[in-house]
Amino acid sequence: MTDTRFDPSQADGRWQRAWEEGGTFTADSNSEKPKSYILEMFPYPSGRIHMGHVRNYTMGDVLARYKKMRGFEVLHPMGWDAFGMPAENAAMEKKVHPGAWTRSNIEGMKAQLKRIGFALDWTREFATCDPDYYGHEQALFLDMYEAGLVYRRSSEVNWDPVDMTVLANEQVIDGKGWRSGAEVEKRKLDQWFLKITDFAEDLLDGLGELEDWPDKVRLMQENWIGKSTGLEFAFDLSNGEKLPVYTTRPDTIFGASFCAIAADHPIAQGLADKPEVSAFIEECKRGGTTAAELETAEKLGFDTGITARHPFTGAAMPVFIANFVLMDYGTGAVMGVPGHDQRDFEFATKYDLPITRVVARDISEADAPMGDEAEAGDGVIVNSEFLDGKSVEEAKADVIARAEGGGWGEGTTVWRLRDWGISRQRYWGTPIPIIHSPDHGPVPVPRDQLPVELPEDIDFDEPGNPLERHPTWKHTTCPISGKPALRETDTLDTFANSSWYFLRFASQPADAPFDPEEIAKWLPVQHYIGGVEHAILHLLYARFWTRALAHIGKFDVKEPFAALFTQGMVTHENYFRATPIKNVERIDQPIMKLERFSPDEIEKVGDKAILKKDGKPVDIGRVLKMSKSMRNVVDPDNIIDQYGADAVRWFMLSDSPPERDLPWSQDGIEGCGRFVQRLWRLFGELDPGAGGEDKALARKAHQAIVAVAEDIEALSFNKAVARIYELTGATEKAAPSESRNFAITTLMHLVSPMMPHLAEEVWSRAGQDGLVADAPWPTHDPAMLVEDEVTIAIQHKGKLRDTITAPKGAAKEDLEALALASEKVQRSLDGAEVRKVIVVPDRLVNIVT
RNA sequence: GCGGGUGUGGCGGAAUGGUAGACGCCGGGGACUUAAAAUCCCCUGAGCUUUGCUCGUGCGGGUUCGAGUCCCGCCACCCGCACCA
């Protein structure tokens, strides 16, 4: 090798073509090798690849390449989560077709991904907006429909009257539509739902087996599913009606002193003809829903004048309409037990209702006064007739048994999880394959008519759903009667598209969504990597679809992702300048004008940032997630132009542990670029003529083979990187020898998953056959892992005084003698009597005086 | 409010209860060069009375021969959920 510098601008593309032409990363499902499916969450084609993608896919790429070196047949696919609102927004703003916009983004982003040299099987690429893909999705929807997992009901939605569309909760900001700014209305619409609640128990239980998922994500899903058990029973009301309530604390029933119902409860609505009642209901709806507002919101109630009869004591308890009771949880009504529920306590205090103790630490404390808050903890039941003296758990069981025996209530389980409303009044999504027949109601589209394709000729000139106002698209005939009928014009929530794409990657027959035999070969995904922002929705929906399809008998896989890894964000400092502008009202409090500057406009000098165009300093703000609004985005393409793909990949893996945020820095990427060149020079020093053994270096190389493998398998890429730096440093310093050549070729292998272009280049220049990507992971000699000398720490009273070198496995007595012989130790002992000596073999000696 | 996480040099971070700060970045000094770039070498937690000593992993206690690591009690920041009965 004579080139003094590695030139990524010509090498990167050359090796990318070599991998592509050789089909190096094409997965063969008929291979005899063990299978490994490595998957990163596929991107939404928003326009450009950003650093977050680069980090995400680099991690998966290292794993995929490593697994291949370890003898696995690896499936590492890529595709596009291509349906969604941004395409429709672009259509409205830029007058382009959502499909054209999406396709063009995909093309650009695919080219960007290829430049980074990812080991992807592009033969399996698809976009969810391909009619082929969403046609199979429609078939799966019909499978679920036939299995009774899909139903239609009227549901309240957020309706934007200007854009004429339904908004997700996240799109409603301060009660206004995020785009139109119009006051959002609540509207009842017929919506399609998937019965995810049928699988609530399964989805909850399944979490227990997902040992290689982060605890955090499992907990979030557990809370989201929100299982609770208790008693549902009905109070007899003074007006002759029944009031069903749900409680998790039936043991405290003797402490109940009132009932409370939600503002939109039927009984409350029934009283709404009284102006004071309707005024109160309005007041309840006005309350904000942010954390701070709820924190300070006062408990408000309206006494209906109705009373409820206590099932045991027969006491008449007032029934209030209350602002803290939610209609969509439980029965929308509660029994108020102020002594042992904080909300009830606050409410009772405000409206001067009795607060009775029915749980105490001990039976003797039955008459202990209540403090200034409710006691929700465990204890012994008191003041409760036949329950007195029982534990909370015993009393719960007793009350439930009596309610069931008496036929006035039953033990139930209540879930926080709601069925998944999947109807969206949008164009750019999977059309729901249903036909509304005048005679037969909703009828599935016959299978041979799938896919129901989106029409191309649509316009976004008016607000609302283009499918709804398309002149011909929705007009069809009833599959049963043949009479004119209307297509469903709603499309599926985009989360449906990402709920089964990993199955289609594994298997892509033309006539079915997937082939069960192929699914069995590849699933579950061995490593699934993505952002924690998908901890609940996407990951829960994907788990649900997999279970639902397994339930229908499509395959045997229940959990799609054996291991989940949630990576941190890529962050960057931001640059700004705040200049005061004249404030006519308060000269001492000027209004500040804030200007932000992108990293391209800045030059860093030491720890100062200088604006290039005026040569003056700007302020450096906090390190934050890269975002357009902060103008702190660094474009991967520019970086690759300057430093090559390998330097960027190396940066993504260095320093920060992968689950934490990674602060981007110019100094850091320059350091990575330098290291690529440092390795290049070192690899050029391979000396076939050199002989002789360098045992210390050879040992380091063998240790690195083991350690780097362990680190990659634990996804501790930052540690693997540090090991490679160490071996590199040691190898550079060593004199030529056979061992040094071994260390150099070992390094070629160890860095190849991380810097594949450099590795291929030096591999080929070293005259090796084939591609390093196809080469196996180097083998280590176990005998070479063991050191024959170790450094022993000598402590006196737990503090380090000296270190000595001793043969590995030296006897305790010998170590003790060596320690006591140390001059430094003797000086520290200063003649004191040695009371005890603790010897940890091969580690340390601690002398206690 | 509930749940979870994090806290170690100027910075990112290492460290099965056993030598705290591996490795990288920044910074300082030097070599090479007419010069620069590139490269290489050395130093780089703080303090002190500098053969060495003392202090030091958010704060306060504890267990231990020995604690960044284990236990108890706090503080700060970050994330998620939320009037869920």
Side-chain angles (χ1 to χ4, degrees), chain A residues 4-5 214-224 226-228 230-231 245-249 252 260 262 287 289-291 293-295 297-299 322-326 328-337 341-344 346-347 414-416 532-533 535-536 571 604 606-607 623 650-651 654-657 659-672 674-675 677-678 681 716 718-729 732-733 791-803 823-824 827-828 835-840 842-849:
Chain A
T4 52
R5 288 183 68 78
D215 290 344
K216 178 193 170 106
V217 174
R218 290 198 286 177
L219 258 162
M220 282 165 73
Q221 292 212 354
E222 190 181 321
N223 293 336
W224 187 265
K227 181 180 185 176
S228 86
L231 171 69
V245 298
Y246 169 72
T247 178
T248 57
R249 294 294 303 272
T252 63
T289 52
T290 65
E293 283 170 320
L294 288 176
E295 195 63 33
E298 210 179 351
K299 302 281 177 286
N323 65 344
F324 66 92
V325 181
L326 306 174
D328 60 0
Y329 186 81
T331 60
V334 298
M335 68 170 191
V337 183
D341 180 281
Q342 187 58 26
R343 290 159 312 189
D344 297 347
E346 287 169 30
F347 191 82
V414 169
W415 304 86
R416 205 190 85 100
V532 73
E533 66 273 18
I536 295 174
T571 58
K604 288 291 286 286
D607 56 359
V623 174
W650 189 250
F651 185 99
S654 303
D655 296 348
S656 288
E659 67 278 10
R660 285 204 218 168
D661 289 351
L662 172 67
W664 177 266
S665 79
Q666 186 59 29
D667 289 329
I669 185 66
E670 282 172 16
C672 292
R674 276 199 298 274
F675 185 61
Q677 298 301 338
R678 212 174 124 194
R681 287 190 297 276
S716 298
N718 56 320
K719 290 191 228 169
V721 162
R723 307 255 189 212
I724 289 171
Y725 271 116
E726 269 180 277
L727 181 58
T728 302
E732 283 171 334
K733 287 186 178 72
T791 305
I792 307 285
I794 314 292
Q795 297 180 341
H796 173 213
K797 292 194 286 192
K799 292 199 193 250
L800 183 73
R801 298 296 161 182
D802 199 3
T803 56
E823 192 192 323
K824 288 177 185 174
R827 201 164 345 112
S828 176
R835 298 212 324 257
K836 196 174 171 188
V837 178
I838 287 138
V839 181
V840 183
D842 296 335
R843 277 266 173 195
L844 69 85
V845 179
N846 190 10
I847 299 159
V848 187
T849 55

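Numbers restart at 1 for each chain; the letters A, B, ... are given by sequence-line order, proteins then strands.
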What's the shortest heavy-atom distance between Thr331(A) and Val245(A), and which atoms?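 Taking Thr331(A) first and Val245(A) second, the nearest heavy atoms are OG1-CA, 3.2 Å.
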Which pair of heavy atoms, one from Lys299(A) and one from Glu346(A), lies closest together, and at what distance?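 In terms of heavy atoms, the two residues are closest at NZ-OE1, 3.4 Å.
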I want to confirm an ordering. Mapping Val848(A) and Lys216(A) to their closest nucleotides on RNA chain B, which one lands closer to the 5' end?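 Comparing both residues, the 5'-ward one is Val848(A).
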Heavy-atom nearest nucleotide on RNA chain B for Val334(A) versus Gly671(A): which residue maps closer to 5'?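 Nearest-nucleotide comparison on RNA chain B picks Gly671(A).
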Over all strands shown, is [X] touching base, sugar-phosphate only, or nothing at heavy-atom distances under 4.0 angstrom?
X: Arg218(A); value: nothing
X: Ser665(A); value: nothing
X: Val837(A); value: nothing
X: Thr803(A); value: base
X: Tyr725(A); value: sugar-phosphate
X: Glu726(A); value: sugar-phosphate
X: Arg723(A); value: nothing
X: Asn718(A); value: sugar-phosphate
X: Leu219(A); value: sugar-phosphate
X: Arg660(A); value: sugar-phosphate
X: Asn846(A); value: base

Taking the minimum atom-to-atom distance to the side chain of [X], which one of [options] wins?
X: Lys799(A); options: rG4(B), rC65(B), rC55(B); value: rC55(B)
X: Met220(A); options: rG80(B), rC83(B), rC26(B); value: rG80(B)
X: Leu800(A); options: rG13(B), rC83(B), rU19(B); value: rU19(B)

Mind calculating the distance between CG (Asp667(A)) and P (rC25(B)) to the nearest angstrom?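 Between P of rC25(B) and CG of Asp667(A): 10 Å.
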Nearest whole Å is fine: how far is rA37(B) C1' from Arg5(A) CZ?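 In whole Å, rA37(B) C1' lies 10 Å from Arg5(A) CZ.
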When the C1' atoms of rC59(B) and rG7(B) are considered, how many whole Å apart are they?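 So the two C1' atoms sit 11 Å from each other.
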Option among Ser656(A), Pro657(A), Ser654(A) that satisfies the side chain to side chain contact (heavy atoms under 4.5 Å, CB included) test with Asn718(A):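 Only one option passes, and that is Pro657(A).
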Let me confirm one number: the NE2-CZ distance from His796(A) to Arg801(A), rounded to the nearest 0.5 Å.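 Going from the NE2 atom of His796(A) to the CZ atom of Arg801(A) covers 7.0 Å.
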Can you check whether any acceptor in the base of rC65(B) is under 3.5 Å from a donor in the side chain of Lys797(A), or vice versa?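 By the distance-only test, no, there is no pair.
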Is any side-chain nitrogen or oxygen of Arg674(A) closer than 4.0 Å to OP1 or OP2 of rC25(B)?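 Checking Arg674(A) against rC25(B): at least one side-chain N or O falls below 4.0 Å of OP1 or OP2.
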Pull out every stem in RNA chain B, meaning runs of 3 or more consecutive Watson-Crick or G-U wobble pairs with both distances under 3.5 Å.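 Stem list for RNA chain B: B:1-7 with B:75-81, B:10-12 with B:23-25, B:27-31 with B:39-43, B:45-48 with B:52-55, B:58-62 with B:70-74.
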